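All values reported here derive from a predicted model rather than from experimental measurement. No hydrogens, no waters, no symmetry mates; every other heavy atom, side chains included, goes into these values.
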Amino acid sequence: MEIKEEGTSEEGQHFLPTPQANDTGDFQLTSIQKTPDEPQLEFILACKDLVAPVRDRKLSTLVQISIIHPTEEGLIRYSSTEIVEGTRDPLFLTGVTFPSEYPIYEETKIKLTVYDVKDKSHDTRSFLGYASFKVGELLKSKQQLLALSLRTSDGGKVVGTIEVSVVKMGEIEDGEADHITTDVQGQKCALVCECAAPESVSRKDNLPFLNAVLKNPVCKLYRFPTSDNKWMRIREQMSESILSFHIPKELISLHIKEDLCRNQELKELGELSPHWDNLRKNVLTHCDQMVNMYQDILTELSKETGSSFKSSSSKGEKTLEFVPINLHLQRMHVHSPHLKDALYDVITVGAPAAHFQGFKNGGLRKLLHRFETERRNTGYQFIYYSPENTAKAKEVLSNINQLQPLIATHADLLLNSASQRSPDSLKNSLKMLSEKTELFVHAFKDQLVRSALLALYTARPGGVLKKPPSPKNGTEESCPQDPPPPMKRQDSIPHHSDYDEEEWDRVWANVGKSLNCIIEMVDKLIEKDGGSEGSSGSSKDGEKDPSAADSMITHPKEDWYEQLYPLILTLKDCMGEVVNRAKQSLTFVLLQELAYSLPQCLMLTLRRDIVFSQALAGLVCGFIIKLHTSLHDPGFLQQLHTVGLIVQYEGLLSTYSDEIGMLEDMAVGISDLKKVAFKIIEAKSNDVLPVITGRRDHYVVEVKLPARMFESLPLQIKEGQLLHVYPVLFNIGINEQQTLAERFGDVSLQESINQENFELLKEYYTTFMEKMPPDYISHFQEQNDIKDLLENLHQNIQAKKRKNVEIMWLAATICRKLNGIRFTCCKSAKDRTSMSVTLEQCSILRDEHQLHKDFFIRALDCMRREGCRIENVLKNIKCRKYAFNMLQLMAFPKYYRPPEGTYGKADT
């Protein structure tokens, strides 16, 4: 009875190419009038007086919805309702929705086929009857309701009636959903919806912003009864994100740039003794190979133009390693009587993990710990620096690379102001130069640089440092000439009796002294010109070095440029000397980490980059969606720039076999997101895709907003304040493998992760309460009981109860109440994730929107059988079955089990 169009999936929503208005030449297609970005058409279904094929049989019916496009041959299977059991008058809770992108016209024909399902587990069904109508007929009908006869064939026997009723946003119809039960008797399909006014910001502004992020939406419609027998309407939407590929490409480009820069710095380290020179050559060989690999991956990813989805079956593909698995926005939009419309978003994504690398030796959490322990305890001849010191070296190097050109630019601007003889301009230029130079000087207030300078000194041939050219204008320096002792492994800051440690202090201090000379000269020039009493006085520490300024006798009519030029030159030379020494010494620190273990060290970096890339793509998607939905919430915007956002990850991985390694990867990848900050900028073109800057230990994601949206933001955000995120992960294994882990294995990894992240969540809440304004806090506390929820969460974590999903529900509730971003992850974000998000959606409907208690399980059944998540399974593995079997499901917590007939043997 079903016609399947070639090239389409057996089930699900299909997006056809939009035909031209006259592509048949016979008639004009009429578009449906609708609100922008709203579904074009939504309707609900009910049957009456169905005739059973066998007397006394209790029917179990579903309706299959198919489309016949006016310019196409054949039938396209579009969607189905849920199965309603035991009645001749089924009222279906699953509706039909056509999203704004779908090519539907008034001339489009819709066919409704009613089946009697005899065996749900094997999907055995018999045909009862069908009816069809054109979209235009429905829209122009009285009350936009059609009552159609169901027939066995054209002109055949009538076997009942099917009612089709258009759902309208914001309308309240007469009638209530009284006594809706499985044996309901023929009442009208009433719908009661009270909807909030649309947001004030123009949808036209929002569309390019959202459409740049979300692609290929799948939409579903439900109506469920409330506890007072009104109807609530629920729209479920699932969308891919183009950020799945965009973010990894941005990130890999940054890695290549960073690694090429590091490789160049290693080459410019200067002459080293044979031992260190051989190590450097070996390191460079491996590092060059890594850069080539990253470039190859980027080339392959760049071929994926327009891609926005990586299926679960592709998780082991090397070229797609950096791309998150099955990343989607899962959204529930609730229109309920007497309550304001509400949106609930969860980002669903496969656990960030290095599947191609495998899990034979564990994941990042274990691998990094083992690597660091071995490196600390080895007797190998190298100089040990802690991970903190190595990170510090990278940070200082990054600051140098950013600040040196900035200072040079501001110095040139100062000279430009001097040549124009403009006191105000001169003062402003000096202020900027002073600020950047003080930051530069502060960057070197660290014992690490001294330690690294001595370490490098001992690694030079013969231990003699070659003396670089002296800076101009007589700033002092000296170089130690005595040879060093034999090189030894160092566990702390090196010391050497012949090494002049004060030399670095002098070189470093010369930058500050040079700046002081410039400040004093500017003061004198402006004062003699009859300007203000001085620009900015002496340096911060009150020191003055008047020699250079006093040595020049100034005359009012003399050229200011000529007076300042030699001093600027001295500053640049002193800075160049500091940069030269610091860069080489800190690069030598990085060489230690790389030299210890090749290629293991680089492979760990690769693994960490892969996992972080997957995690970051999801985070950026979640941040942008959250920003968009909360733009008109002043409390949220204040929280964003005052405290930052909590980002809560729900993990459903077991602590058994390969999934232990996945969880170890995921824990590090999510923790690494602390290194990410966001900045919101105004979009200057139609390109609103985010841009990433920075390096491995510190990234800034620039999110672009259209002008009108940007203007509505608080000043602090508009001025470019960095916005921080606080990621937390709670994991509870729920499958049969977790049963094995609990009985025969080890669950300590899960317990440690949950306890550590509880402390982070508590810390965030404390900061939130301290930093948000008192009036906001008092209102917040009236509405929410976070303190009690946190205590409850803590008790559940301490209880160490098996498969304690209460931990998940509590963490998710706290996240939502704190305006956070929600994530749900399992291995593929397909099966366990689908059970979890549908349970969360129905729990929200029950707890926040008064879903009738008798309909909780039936709502779950609707969402799992014909909702967005079964479409997610289809798009991943080309099969409409969750990948569970009966034996596995016996180990699952009760509410995480799918309805009969929706699961079976399938690859994950």
Side-chain angles (χ1 to χ4, degrees), residues 332 334 339-340 342-347 619 622-623 625-627 629-630 632-651 670-671 673-674 678 714 723-732 751 753-801 804-825 836-837 839-850:
M332 180 172 71
V334 185
L339 290 171
K340 189 178 178 185
L343 272 183
Y344 300 93
D345 290 344
V346 181
I347 305 295
L619 173 65
F623 182 90
I625 300 299
K626 185 69 184 176
L627 178 65
T629 54
S630 306
H632 302 280
D633 179 350
F636 168 82
L637 293 173
Q638 183 160 22
Q639 179 184 349
L640 182 59
H641 70 78
T642 308
V643 190
L645 289 188
I646 199 79
V647 184
Q648 185 253 328
Y649 290 80
E650 172 181 314
I670 288 168
S671 177
L673 293 174
K674 287 183 285 198
F678 288 83
L723 313 169
H724 297 281
V725 291
Y726 298 86
V728 292
L729 163 65
F730 294 94
N731 188 86
I732 294 292
E751 288 173 354
I753 287 171
N754 290 345
Q755 185 57 48
E756 289 164 17
N757 284 274
F758 171 75
E759 295 302 329
L760 293 172
L761 181 58
K762 196 167 71 170
E763 197 177 299
Y764 174 86
Y765 176 64
T766 303
T767 308
F768 174 86
M769 296 300 285
E770 286 171 356
K771 289 192 173 181
M772 291 298 280
D775 55 339
Y776 178 91
I777 290 296
S778 63
H779 177 70
F780 178 82
Q781 285 177 311
E782 285 171 17
Q783 303 292 316
N784 301 289
D785 51 350
I786 303 286
K787 201 171 178 184
D788 291 344
L789 288 168
L790 277 169
E791 181 55 36
N792 198 351
L793 176 59
H794 183 242
Q795 288 171 2
N796 273 280
I797 290 170
Q798 293 297 310
K800 298 184 179 178
K801 179 181 160 189
N804 189 0
V805 292
E806 184 80 13
I807 289 171
M808 296 310 197
W809 301 342
L810 287 165
T813 303
I814 292 166
C815 172
R816 279 195 302 272
K817 287 180 182 289
L818 286 171
N819 287 320
I821 305 170
R822 278 273 299 115
F823 282 79
T824 297
C825 312
S836 179
V837 295
L839 176 59
E840 181 174 356
Q841 287 176 174
C842 289
S843 299
I844 289 169
L845 294 177
R846 178 193 62 202
D847 300 340
E848 304 293 335
H849 297 275
Q850 290 84 52

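For the pair Ile732 and Asn754, the minimum side-chain heavy-atom distance is below 4.5 Å. Side-chain contact between Pro714 and Gln638 is absent, with no heavy atoms from C-beta onward closer than 4.5 Å. By the 4.5 Å heavy-atom criterion applied to side chains, Phe768 and Tyr776 are counted as neighbours. Side chains of Glu840 and Val346 form a contact here, defined as non-hydrogen atoms less than 4.5 Å apart.
Partner of Tyr649 under the side chain to side chain contact (heavy atoms under 4.5 Å, CB included) criterion, out of Thr824, Ile670, Ile347: Ile670 alone.
Residues satisfying the salt bridge (Lys or Arg N to Asp or Glu O under 4.0 Å) test with Lys762, not counting sequence neighbours, are Glu759. Taking the salt bridge (Lys or Arg N to Asp or Glu O under 4.0 Å) definition, one finds that Arg846 meets it with nothing, sequence neighbours left out.
Rounded to the nearest 0.5 angstrom, Leu761 CG and Ile814 CD1 are separated by 5.5 Å. To the nearest 0.5 Å, atoms CG (Leu640) and CZ (Phe678) are separated by 9.5 Å. Note that the CD atom of Glu763 and the CG atom of Leu760 stand 6.0 Å from one another [nearest 0.5 Å]. We find the OG1-NE2 distance between Thr642 and His724 to be 12.0 Å, quoted to the nearest 0.5 Å. Interatomic distance, Ile807 CD1 to Asn796 CG, rounded to the nearest 0.5 Å: 5.5 Å. Rounding to the nearest 0.5 Å places CD1 of Ile821 at 11.5 Å from CD of Gln648.
Panel note: side chain Asn792, backbone Asp788; no donor-acceptor pair is recorded below 3.5 Å. Judged by distance alone, with hydrogens and angles left aside, the side-chain atoms of Asn784 form no donor-acceptor pair with the main-chain N or O of Ile786 at under 3.5 Å. A donor-acceptor pair under 3.5 Å is formed between the side chain of Asp633 and the backbone N or O of Phe636. Checking side-chain atoms of Tyr764 against main-chain N and O of Gly644 turns up a donor-acceptor pair under 3.5 Å. In this structure, the side chain of Ser630 does not engage the main chain of Leu627 through any donor-acceptor pair within 3.5 Å.
Here the closest heavy-atom approach between residue Leu637 and residue His641 is recorded as O-CD2, 3.1 Å. Across all non-hydrogen atoms, the minimal contact from Asp345 to Arg822 is O-CB, 3.8 Å.
Under the 3.5 Å distance criterion, with hydrogens and angles disregarded, a donor-acceptor pair is assigned to the side chains of Asn819 and Gln639.
Ring centers of Tyr344 and His849: under 6.0 Å apart, within the cut-off. Ring pair Phe730/Phe758: centre-to-centre distance not below 6.0 Å.
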Do Glu848 and Arg816 pass the salt bridge (Lys or Arg N to Asp or Glu O under 4.0 Å) test, and can you show the C-alpha distance, the side-chain angles, and the key distance before you say yes or no?
-> CA-CA 12 Å; Glu848 304 293 335; Arg816 279 195 302 272; over 6 Å; no

